[in-house]
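Reading through the structure tokens given below for one structure.
Worth saying up front: this structure is predicted, and the values here are computed from it rather than measured.
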Amino acid sequence: MPVTVLLVDDEPLVRAGLRAVLDAQPDIEVVGEAADGAAVIPLVRQLRPDVVAMDVRMPLMDGIEATRAVLRTVDRPPKIVVVTTFENDEYVYQALRAGADGFLLKRARPAEIVNAIRLVAEGESLLFPAAVRSLAAEYGNARARADMDRAALTDREAAVLRLMARGLSNAEIAGQLVVGTETVKSHVSAVLGKLGARDRTQAVIAAYESGFVSPG
């Protein structure tokens, strides 16, 4: 079955461009479009997309609030990729903290757009650029550090989290640690459970905010 995608952006040309790129792939299908975050929830319930590609800045309901609304009210919510013009936009970071699974620059090359959708659909986070990692570090606080300490990650779990923070996939982590992919999946699940993180992205944010990983 193809990965189904809902496009949400107030610029028709952006939606048209994304649709052209994604519909050209045999394993991806754009199933709907919306011009504002306020229209997302009914469309998600109707179309049940695997991924929502959502502009972070929209006039009525922005991508941050729309992300929160979807995760709060939709049963088995889709993966969410926020789409932005500027990679150092604090809105992007707030959307990630709200539960988005990754982000995509509007100026990204077609191959990068396709890869981003596939990665998020598979449950693997996107690589945060240096600017977003720096923003995460700026939000560091004592509570985040205490939560990380309480998690009491094993040495192997800590190594997996550091590689996750670098944006590596499960297969790439397995190669780095010379273990099987299923073993990595088990470690990732343990990390998420100990940190109380919904997904990989939230775990990586916790790693940066706690100082467990530095943005350098």
Side-chain angles (χ1 to χ4, degrees), residues 1-71 73-74 76-96 98-133 167-172 199-201 204:
M1 296 294 292
V3 174
T4 55
V5 181
L6 171 64
L7 303 177
V8 186
D9 196 296
D10 60 332
E11 298 181 36
L13 286 177
V14 172
R15 296 199 309 272
L18 289 173
R19 177 182 278 275
V21 168
L22 297 176
D23 273 345
Q25 306 303 311
D27 59 334
I28 300 176
E29 178 186 1
V30 176
V31 293
E33 297 182 20
D36 195 86
V40 170
I41 290 178
L43 282 175
V44 165
R45 287 175 171 158
Q46 174 190 348
L47 301 172
R48 305 302 303 182
D50 299 310
V51 179
V52 176
M54 182 150 50
D55 188 12
V56 74
R57 294 177 182 265
M58 292 176 285
L60 297 179
M61 180 184 286
D62 64 27
I64 301 169
E65 186 53 41
T67 294
R68 291 194 184 105
V70 168
L71 297 179
T73 63
V74 176
R76 298 191 305 277
K79 302 290 186 179
I80 297 176
V81 178
V82 289
V83 184
T84 182
T85 302
F86 306 106
E87 65 184 24
N88 62 347
D89 189 347
E90 189 165 342
Y91 273 69
V92 174
Y93 183 63
Q94 293 298 340
L96 293 170
D101 299 279
F103 85 102
L104 179 64
L105 290 173
K106 291 186 179 182
R107 65 175 182 271
R109 296 189 299 271
E112 293 172 331
I113 294 171
V114 171
N115 186 54
I117 296 299
R118 287 173 177 155
L119 278 176
V120 169
E122 292 167 2
E124 301 197 9
S125 61
L126 306 182
L127 178 62
F128 297 172
V132 176
R133 282 180 267 164
L168 272 64
S169 68
N170 287 346
E172 290 167 335
D199 55 28
R200 297 167 72 99
T201 301
V204 170

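The closest side-chain donor-acceptor pair between Asn170 and Arg200 falls under 3.5 angstrom.
The side-chain contact (heavy atoms from CB on, under 4.5 Å) check on Glu11 picks up Asp9, Val14, Lys106, with sequence neighbours excluded. Looking at residues two or more places apart in sequence or on another chain, you find a side-chain hydrogen bond (donor to acceptor under 3.5 Å, both in side chains) between Arg118 and Gln25, Asp27. A search for side-chain contact (heavy atoms from CB on, under 4.5 Å) contacts involving Asp10 returns Asp55, Met58, Pro59, not counting sequence neighbours. Qualifying salt bridge (Lys or Arg N to Asp or Glu O under 4.0 Å) partners for Arg76, counting only residues two or more places apart in sequence or in other chains: none. A search for salt bridge (Lys or Arg N to Asp or Glu O under 4.0 Å) contacts involving Arg48 returns nothing, not counting sequence neighbours. Asp50 meets the side-chain hydrogen bond (donor to acceptor under 3.5 Å, both in side chains) test with Thr4; sequence neighbours excluded. Shown here are the side-chain contact (heavy atoms from CB on, under 4.5 Å) partners of Val70, two or more places apart in sequence or in another chain: Val40, Ile41, Val74, Pro77, Pro78, Ile80.
Pro49 and Val31 get closest at one heavy-atom pair: CB-CG2, 4.2 Å. Heavy-atom minimum distance, Gly99 versus Leu71: CA-CD1, 3.5 Å. Residues Arg68 and Ala98 approach most closely at CG-CB, 3.6 Å, considering heavy atoms. When all heavy atoms of Ala34 and Leu43 are compared, the closest pair comes out as CB-CD1, 3.6 Å. For the residue pair Ala95 and Val82, the shortest heavy atom distance occurs at CB-CG1, 3.5 Å. Annotation for Thr73 and Ala69: closest pair OG1-O, 2.7 Å, computed over non-hydrogen atoms.
Contact of the Val5 side chain with the Ile117 side chain is registered, since non-hydrogen atoms from C-beta on lie closer than 4.5 Å. At least one side-chain heavy atom of Val51 sits under 4.5 Å from a side-chain heavy atom of Val81. Inter-residue side-chain proximity for Val30 and Leu7 is flagged as met; some heavy-atom pair is nearer than 4.5 Å. Looking at Asp101 and Asp199, their side chains come closer than 4.5 Å, going by heavy atoms from C-beta outward.
The CG atom of Leu119 sits 11.5 Å away from atom NZ of Lys79, with the distance rounded to the nearest 0.5 Å. Distance CE/Met54 to CG/Leu104: 13.0 Å, rounded to 0.5 Å. The distance from the CD atom of Gln94 to the CG atom of Asp62 is 10.0 Å, given to the nearest 0.5 Å. Rounded to the nearest 0.5 angstrom, Thr84 OG1 and Phe103 CZ are separated by 8.0 Å.
For residues 29-40, the set of pairs meeting the side-chain hydrogen bond (donor to acceptor under 3.5 Å, both in side chains) definition, not counting sequence neighbours, comprises Arg15-Glu33, Arg19-Glu33.
Judged by distance alone, the side chain of Arg57 and the main-chain N or O of Gly63 form no donor-acceptor pair under 3.5 Å.
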**Q.** Trace of the side-chain contact (heavy atoms from CB on, under 4.5 Å) decision for Val21 with Val114
**A.** CA-CA 7 Å; Val21 168; Val114 171; 3.8 Å; yes

